[in-house]
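Down below is the structure, laid out as structure tokens.
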Amino acid sequence: MTIVLLAAVMHAGWNALVKSGGDKFAEITLLTSGAALIAVPALFFLPLPAPVSWPYIAASVLIHCVYFSLVAFTYRTGDLSFAYPVMRGSAPLATALVSAVIVGEQLTPGGWLGIVLLSGGILALARDNWTSRLRQGHALAFGLVNAGVIVVYTLVDGLGVRLAGNAWSYVAWMFFLNALPLLGVALFTRRAALLKAARNNWCGGLAGGALTLGAYGLVLWAMTQAPIALVAALRETAVIFGVIIACVVLKERFGATRWTASILVAAGAASMKLW
């Protein structure tokens, strides 16, 4: 549980970096390129993933290109405290339902209760902004689509990492390969913005890359030790940290509704841990 909570903090951190940047797609490309640079040395020391896992790595690369692109599009107009909960809030329950059917992982009653509380609490974190959904309609649409993408990549990677033989080998190759198509698209369509971001914020790119690689690596390792649905749900406690960052750093409003929702998320995490 502690490992996944650490991953949640790291995940919220890199999302805040993207939101606070200028050109969102350039910032995402800089971040994924930073993760690839960090992964390269590891490729020489880690064993190759098992051959049976490579189709999952290939699928994950394609899915994550869509995911990172949608993150950039969502943050163009959406507040972090609105868009982040929308993207992450509906994914845990859907992941649990799909993994129960496809993977055959059956959760305890406490696990199901925890997932429901987490999902409800996360979505409630965006409650204060639902009244402004016309202003943030762009973010709402892309965020909901990305929630579906999150379910898909969670299941693909949860299965693939178990077949790889080494979780960190799977993570390193996935992040290295994932940067290549995003970098190609950015150089072709947003070269000036990417070069400007690299000149002004290359340290942020490396920091964000380290956060995203570390966060997802810890999550995938945890999925080799525990049910995919529970790890995926517990990971979404990142939304609490994201909303706190949005309040303290980005100066977005944090009202009583969001405090109540945070309590629901904490109760959901406790339910999964204790039952």
Side-chain angles (χ1 to χ4, degrees), residues 1 3-5 7-8 10-11 15 32 35 49-71 74 84-108 111-119 122-123 142-178 181 212-239 268-269 272:
M1 181 175 180
I3 293 294
V4 181
L5 290 176
M10 297 168 74
H11 191 276
N15 273 265
T32 54
V52 70
S53 70
W54 280 99
Y56 291 87
I57 293 175
S60 179
V61 167
L62 294 175
I63 298 165
H64 271 87
C65 285
V66 176
Y67 166 72
F68 282 120
S69 298
L70 287 172
V71 168
T74 303
Y84 195 29
V86 167
M87 281 191 289
R88 311 304 306 195
S90 54
L93 185 56
T95 300
L97 293 171
V98 176
S99 64
V101 175
I102 295 178
V103 186
E105 292 182 343
Q106 300 301 318
L107 301 181
T108 65
W112 282 109
L113 175 61
I115 288 173
V116 170
L117 289 173
L118 270 170
S119 298
I122 289 167
L123 288 174
F142 281 114
L144 289 174
V145 172
N146 217 13
V149 175
I150 290 167
V151 175
V152 175
Y153 81 60
T154 298
L155 291 173
V156 168
D157 288 333
L159 294 172
V161 74
R162 293 177 177 182
L163 298 172
N166 184 296
W168 290 103
S169 296
Y170 185 97
V171 171
W173 278 102
M174 188 271 287
F175 271 98
F176 170 68
L177 295 173
N178 182 67
T212 186
L213 192 154
Y216 202 47
L218 291 173
V219 165
L220 290 185
W221 173 84
M223 286 182 180
T224 66
Q225 311 295 314
I228 293 172
L230 289 185
V231 175
L234 191 58
R235 179 194 187 197
E236 306 311 349
T237 54
V239 172
M272 288 188 295

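Keep in mind the model is a prediction, meaning the values are calculated, not measured.
Pairing each heavy atom of V231 with each of A226, the nearest pair is CG2-CB, 3.9 Å. Residues A50 and L163 share a closest heavy-atom pair of CB-O, 3.3 Å. In terms of heavy atoms, P49 sits closest to I57 at CG-CD1, 3.8 Å.
Applying the side-chain hydrogen bond (donor to acceptor under 3.5 Å, both in side chains) test to Y216 and every residue at least two apart in sequence or in another chain returns D157. Scored by the side-chain contact (heavy atoms from CB on, under 4.5 Å) test, S69 finds F25, F73, L182 as partners (sequence neighbours excluded). The side-chain contact (heavy atoms from CB on, under 4.5 Å) search around V145 returns L70, not counting sequence neighbours.
Residues in residues 220-230 take part in no side-chain hydrogen bond (donor to acceptor under 3.5 Å, both in side chains) pair, two or more places apart or across chains. Among residue pairs with one or both ends in residues 50-59, none qualify as side-chain hydrogen bond (donor to acceptor under 3.5 Å, both in side chains); sequence neighbours excluded.
Residues T212 and F68 are in side-chain contact: their nearest non-hydrogen atoms beyond the backbone lie under 4.5 Å apart. Looking at H64 and T32, their side chains never come closer than 4.5 Å, going by heavy atoms from C-beta outward. Here the side chains of W168 and L213 are in contact, with some heavy-atom distance below 4.5 Å. A 4.5 Å side-chain heavy-atom check between Y153 and V66 finds every atom pair outside the cut-off.
Taking CD1 of I63 as the start and CG of N178 as the end, the distance is 10.5 Å to the nearest 0.5 Å. Here the CG-OG distance, from L159 to S60, works out to 11.5 Å after rounding to the nearest 0.5 Å. Atom OG1 of T154 sits about 8.5 Å away from atom CG of L220, to the nearest 0.5 Å.
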